[in-house]
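Only one structure is covered here, and it is reproduced in the block below.
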Amino acid sequence: MMNEKLKEKIKQFVLQDVNETKVSASPDPFWQGLKNTGTELWLDTGDMEEAEKNWSAEMTALTTNNTLVNNEIQKGIYDDFVEQTVEIVKDLPIEEQIVEIAFILNARHGIRLAKKFGGFVSVELHTNTAYNFNAIIDYGLRYFSICPDQFIVKVPYTATGLLGARKLRELGVKINFTLEFSARQNAMVAAITKPNYCNVFLGRIGAYIKDNELGSGSGAGERTVISAQHIVTELTKHNETPTKLIAASLRHYSQLDALAGTDVFTMPTKVAAEGKINMDGNFQSKLNEVYPVDLTDNAANYFPEKLWEVSEKELELAKSLDANLPKNENELIDRVHEAECGDMFPYLSEKDYKLIADDGKIPNHQRWAQRIANGELAIDTLLNLAGLASFTADQAALDDRIRRIIGG
């Protein structure tokens, strides 16, 4: 573990000479109309120029991830900055240098966004922490130390992440729990971790159904978001800080209306801009809608309803894990299987993980169809693992750029 003196030196390096001029944001009746339904408005981008074009007084945060930060780093705008970091971390082993520089880049870009826009900024952990409890705690606390009032730390949905984020919340760190694809995953998160925010990545839900010819995909993401919103609200309404649900990374401006009233929207700048052009701004909450999902007859064999339904068995499991917290991720996974909910955290081989990574963001359903039908794993589980693998690939691209610059 890195010594505290070096951590402090890195913190001061991240914070030095951040001279961003704060954006002067004007009120916008269009966004105010959406905000009036109860929805917080966040931009889903790390691109400062694009964010500034779309920022308004009604917006409260920006969110980044491994993909979005990698997009910014690959522009070369931090290459000189990376070279400056080498002197600070030079005594660490080379792979630790790379991970540390990646953290510095995320923190530096995050603090620039925080200064420029004045809102919250979600910052992402390195993907190699996803199964490392101590690393989640260490880097989560370090982000918090750098910008306690504005940074929200994103922790991914893994068994380790559930326990790590729970500990960080107990230590006062703001958490945005990420990479969820169903109401039942968010029930686990809300009950166990009690984060400030949790997510439904709705676009990939519809894409899975459409790309794998299980239906058109219409309505699936929207129905999952609204169902998750209700379960998260119910589970955390008596908490000191109730958890808010994010409809994550809207794919089309029509979703601004279809999901109005959801706690939070994260909007790519393109979606935000197109919404203003194409919509009238007369929004009403849609939280009482039950959107139909267009599915083929064959889709029923693969239990798509697990995306938007939470069984009593799953709800009781979530509550029992909260009341009697597992000592580690292995105990958590074993208890999930003992409760006959094993498809939420399936036992997988290294070959399985490689095949999921090879599939890309949207898993190849036929590869996994029999195991889904048998109840060994589920669509939401596959999407979560594919999402983490995709972020890992983008993190690797960022790490490779760092490696080239420092000559590692």
Side-chain angles (χ1 to χ4, degrees), residues 157 177 179-192 198-235 245-248 251 255 258-259 261-262 286-321 336-337 339-346 348 356 359 361-387:
Y157 185 88
F177 208 91
L179 274 180
E180 300 97 291
F181 292 87
S182 65
R184 65 183 191 152
Q185 286 177 341
N186 278 293
M188 294 279 281
V189 172
I192 299 167
C198 58
N199 289 259
V200 172
F201 278 56
L202 70 155
R204 297 185 201 181
I205 294 171
Y208 182 96
I209 292 169
K210 181 179 179 181
D211 292 0
N212 288 295
E213 299 181 347
L214 298 175
S216 71
S218 172
E222 290 81 0
R223 185 162 180 174
T224 302
V225 167
I226 291 175
S227 177
Q229 175 70 79
H230 290 305
I231 193 69
V232 167
T233 298
E234 180 62 27
L235 284 173
L245 183 86
I246 299 174
R251 289 285 183 91
Q255 291 169 328
L259 294 170
T262 304
K286 296 299 194 300
L287 292 186
N288 291 322
E289 295 288 333
V290 180
Y291 288 107
V293 181
D294 180 42
L295 298 167
T296 64
D297 291 340
N298 182 51
N301 296 322
Y302 309 109
F303 313 110
E305 69 277 4
K306 289 188 177 184
L307 293 164
W308 51 82
E309 293 181 1
V310 183
S311 70
E312 282 301 317
K313 184 165 58 176
E314 290 159 351
L315 192 56
E316 288 306 310
L317 169 63
K319 291 178 178 178
S320 73
L321 290 169
V336 169
H337 282 261
E340 300 180 343
C341 299
D343 65 350
M344 296 189 76
F345 286 102
L348 298 174
I356 290 169
D359 282 351
K361 289 183 180 180
I362 307 302
N364 176 355
H365 176 76
Q366 287 306 313
R367 193 195 302 278
W368 310 100
Q370 190 58 54
R371 293 169 72 176
I372 295 173
N374 292 343
E376 294 176 44
L377 68 164
I379 293 171
D380 56 349
T381 307
L382 272 178
L383 283 166
N384 163 260
L385 292 169

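Computed from heavy atoms alone, side chains included, the values below leave out hydrogens, waters and symmetry copies. Sequence positions, counted from 1, serve as the residue numbers for this chain.
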I need the T224 OG1 to E309 CD distance, nearest 0.5 Å. 10.0 Å
Any side-chain heavy-atom pair of Y208 and L214 under 4.5 Å: yes
With distance as the sole test, does Q185 use its side chain to make a donor-acceptor pair with the main-chain N or O of F181 at under 3.5 Å? yes
Closer than 3.5 angstrom, by distance alone: can the side chain of D211 be matched with the main-chain N or O of I362 as a donor-acceptor pair? no
To the nearest 0.5 Å, tell me how far I356 CD1 sits from D359 CG. 7.5 Å
Do side-chain atoms of N199 reach the backbone of F177 as a donor and acceptor pair under 3.5 angstrom? yes
Just verifying a value: how many Å separate Y302 OH and Q370 CD, rounded to the nearest 0.5 Å? 7.5 Å
Any side-chain heavy atom of V290 sitting closer than 4.5 Å to one from R223? yes
Would the distance check show the side chain of D343 and the main-chain N or O of G375 forming a donor-acceptor pair, the cut-off being under 3.5 Å? no
Tell me the closest heavy-atom pair linking T296 and E213, and the distance in Å. CG2-O, 3.8 Å
Interatomic distance, E305 atom CD to S227 atom OG [nearest 0.5 angstrom]: 12.0 Å
For G387 and R204, which heavy atoms make the closest approach, and how far apart are they? CA-NH1, 3.5 Å
Rounded at 0.5 Å granularity, tell me how far CD in Q255 sits from CG in L202. 4.5 Å
Identify the heavy atoms of A247 and V225 that sit nearest to each other, and give their distance. CB-CG1, 4.1 Å
Does N374 CG have over 12 foreign heavy atoms under 6.0 Å away? yes
So, do R367 and L382 sit near enough that their side-chain heavy atoms are less than 4.5 Å apart? no
Which pair of heavy atoms, one from P304 and one from L295, lies closest together, and at what distance? CG-CD1, 3.7 Å
Is there a donor-acceptor pair closer than 3.5 Å between any side-chain N or O of N212 and the backbone N or O of P363? yes
If you define the side chain from C-beta out and look only at heavy atoms, does anything of E340 sit under 4.5 Å from L317? no
Heavy-atom nearest pair, F201 first then A248, reads CD1-CB, 3.9 Å
Point-to-point distance, once rounded to the nearest 0.5 Å, from CE of M188 to SG of C198: 13.0 Å
Just wondering, do L385 and L377 contact through their side chains at under 4.5 Å, heavy atoms? no
Tell me the closest heavy-atom pair linking N186 and A228, and the distance in Å. ND2-CB, 4.2 Å
T233 side chain vs H230 backbone, donor-acceptor pair below 3.5 Å: no
Does the pair C341 and K313 meet the rule for a side chain to side chain contact (heavy atoms under 4.5 Å, CB included), with working shown? CA-CA 8 Å; C341 299; K313 184 165 58 176; 3.9 Å; yes
My understanding is that only residues two or more places apart in sequence, or in another chain, count here; which of them pass salt bridge (charged side-chain N to carboxylate O under 4.0 Å, His left out) with E222? none
Have a look at V232 and tell me which of L245, V200, I246, V189 forms a side chain to side chain contact (heavy atoms under 4.5 Å, CB included) with it. L245
Any donor-acceptor pair under 3.5 Å linking the side chain of H365 with the backbone of I209? no
Hey, mind stepping through K306 and I372 against side chain to side chain contact (heavy atoms under 4.5 Å, CB included) and telling me if it holds? CA-CA 11 Å; K306 289 188 177 184; I372 295 173; over 6 Å; no
Exceeds 12 heavy-atom contacts within 6.0 angstrom, atom NZ of K286: yes
Can any side-chain N or O of S218 pair as donor or acceptor with the backbone N or O of D294 at less than 3.5 Å? no
